[in-house]
Protein chains: 2
Amino acid sequence: MLLNQRFYEAELGRKTLSQKGISEMITVAIVEDDQDIRESLALLINGTPNFSCVGIYPSFEKALKGIIREQPDVVLMDIGLPGVSGIEGIKILKEKIPEIDILVLTIQSEDQVVFDALCAGACGYLMKDTPPAQLLDAIQESHSGGAPMSTRIARLVVESFQVTSHSNLTQRETEVLTHLCKGKSYKMIADDLFISEETVRRHIKNIYRKLEVHSKSEAVAKAFKEKLVNL
Amino acid sequence: MLLNQRFYEAELGRKTLSQKGISEMITVAIVEDDQDIRESLALLINGTPNFSCVGIYPSFEKALKGIIREQPDVVLMDIGLPGVSGIEGIKILKEKIPEIDILVLTIQSEDQVVFDALCAGACGYLMKDTPPAQLLDAIQESHSGGAPMSTRIARLVVESFQVTSHSNLTQRETEVLTHLCKGKSYKMIADDLFISEETVRRHIKNIYRKLEVHSKSEAVAKAFKEKLVNL
DNA sequence: AAAACCATACCCCGAATGGGGGATTTTTTT
DNA sequence: AAAAAAATCCCCCATTCGGGGTATGGTTTT
């Protein structure tokens, strides 16, 4: 059977890791609404040396109490849960147990979901098609202070740092916007750029038109969100 | 000279393979000022099937022309380079060849350097103590659209998404600040929170005092930079 | 050469903002 | 129960800001 086949391969992989000297017992809790996946995961974890599943739950509501009691090292959390969403669950859990490592394991890969999960406090993000051996590695990695992510997710996260967004602002306008983002007033910007306050006003008018905003705070907010400036 | 010899061989190798139409070959360039490391890396890469080193350079200045000519798939880049820094180099390279994957390989692990490198356009960040096998995996991973990072770096990156900073703002003040960060006016905030504009004004006065700022744009800027709000 | 764009600068005016007071009620902490 | 903190509301006033014009000189594109 395919499932058992996977487990077997995974365990082979783990043996290799064991030989490398990784020998701490890692306790894991699972929050996953699909029964098959949930139980497969539990089998995988309990069937692997140095891994122990200390709780399997079909929803966050049912998980919270047990997780607080068991204090597992790592929680495998689905996102698309009934009732309290995985994202909300992560927030709540991290508030109760700040040092816990929450590893998202889901089929959802929309950018916003990924970022929401990480903002909420997840330490890693894996797609459900992750092979068993890699999943075990990822749990280990989470517990070792890492942040395992599926290939595409990792790139997504890294690219979020890059200022890609080319607005249609001119160089001077970008310069003025940068000063706005430092909280400067018209007058201060004028002094910094050695131009008249009226010119600053003119640039800002154009910036507002191009960004479709109507105030400094809105412009600053947009600049930060869309990474229009290099501070 | 050894360097030229290797370089020559590398180039020959690549051309031959290209002619044969073998496309899974990953071409790599190395920018690293330490000669020992540089040559070890080249040996490792050239000694591995499907990897080919198509240029090794001791500085960015010496690398730029060759990299543009060779168009390698992946560049292994040190940060602490003489002359043009690795960070600057990444920016320049990504501007010239946007699709190139730049993998930082360095001993520096200060948070700011890591973020600077990623902002500049690096697709991954490895410490120099990465074992050879993992380094090769990381190069492969970079080329497959991933973002390989050393354990600690990955966690650092993921944690950067989390709103850790607990300011001394009250709940209501944080709420008001959140609305400011959406670019709302006093009046709009008052309407949203069902309180008078005067109360909004009062909250904002207190926010300014606590954040030590004197305008909306400054407050918004600080809120974004220190992740005081959950947008 | 004409047109378009950019950076510069000025005027007017009403609305929004920031800083200074003071005050009451509710909630939380001690 | 008392004290402290938080949230609510009000007034005054000078400054800043946002939107509406207009204009000139320089560059770039067409």
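Below, chain A is the first sequence line, B the second, and so on; all start at residue 1.
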Ser215(B) vs Asn168(B), nearer the 5' end of DNA chain D by closest nucleotide: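 The answer here is Asn168(B).
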Members of residues 169-198 of chain A that approach DNA chain D, where some heavy atom sits under 4.0 Å away: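 Residues of residues 169-198 of chain A that come under 4.0 Å of DNA chain D are, in numerical order, Ser185(A), Tyr186(A).
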Check the distance between [N]'s [atom2] and [X]'s [atom1] and give it to me in whole angstrom.
X         : N       : atom1 : atom2 : result
Asn206(B) : dA6(D)  : CG    : C1'   : 9 Å
Glu212(B) : dG18(C) : CD    : P     : 17 Å
Ile207(B) : dT17(C) : CD1   : P     : 13 Å
Arg209(B) : dG19(C) : CZ    : P     : 12 Å
His214(B) : dT15(D) : NE2   : C1'   : 15 Å
Lys205(B) : dC12(D) : NZ    : C1'   : 10 Å

Glu39(A) side chain to Gln35(A) side chain, donor-acceptor N/O pair below 3.5 angstrom: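 Note: Glu39(A) and Gln35(A) side chains meet the donor-acceptor criterion.
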Test item: side-chain donor near acceptor, Thr151(A) and Glu141(B), under 3.5 Å: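 The criterion, which ignores hydrogens and geometry beyond distance, is satisfied for Glu141(B) and Thr151(A).
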Out of dG19(C), dG22(C), dC11(C), whichever nucleotide has its closest atom nearest the side chain of Arg202(B):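 Shortest atom-to-atom distance from the side chain points to dG22(C).
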Closest listed nucleotide, where the reference is the side chain of His203(B) and the choices are dC11(C), dA7(D), dC6(C):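 For His203(B), the side-chain atoms sit closest to dA7(D).
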Side chain Arg201(A) and base dT16(D) donor-acceptor under 3.5 Å: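 Under the 3.5 Å cut-off, the side chain and the base do not form any donor-acceptor pair.
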Flag, side chain of Glu226(B) to backbone of Lys222(B), donor-acceptor distance under 3.5 Å: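 Such a contact is absent between Glu226(B) side chain and Lys222(B) backbone.
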Full working for salt bridge (charged side-chain N to carboxylate O under 4.0 Å, His left out) between Asp101(B) and Lys94(B): CA-CA 8 Å; Asp101(B) 290 315; Lys94(B) 280 298 266 192; 5.2 Å; no
Minimal non-hydrogen separation, Ile207(A) against Leu177(A), with atom names: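 Heavy atoms only, the tightest pair is CD1-N, 4.0 Å.
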Minimum heavy-atom distance Met188(B)-Lys184(B), with the two atoms named: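 Minimum heavy-atom contact is CE-CD, 3.7 Å.
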Phosphate contact (dG18(D) OP1 or OP2) by Tyr208(A) side-chain N/O below 4.0 Å: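 It does, given that an N or O in the side chain of Tyr208(A) lies less than 4.0 Å from OP1 or OP2 of dG18(D).
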dG18(C) OP1/OP2 closer than 4.0 Å to side-chain N/O of Lys216(B):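 Looking at the OP1 and OP2 atoms of dG18(C), neither is under 4.0 Å from any side-chain N or O of Lys216(B).
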Asp78(A) with Lys128(A): basic N within carboxylate O range, under 4.0 Å: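 Judged by the 4.0 Å cut-off on N to carboxylate O distance, Asp78(A) and Lys128(A) do form a salt bridge.
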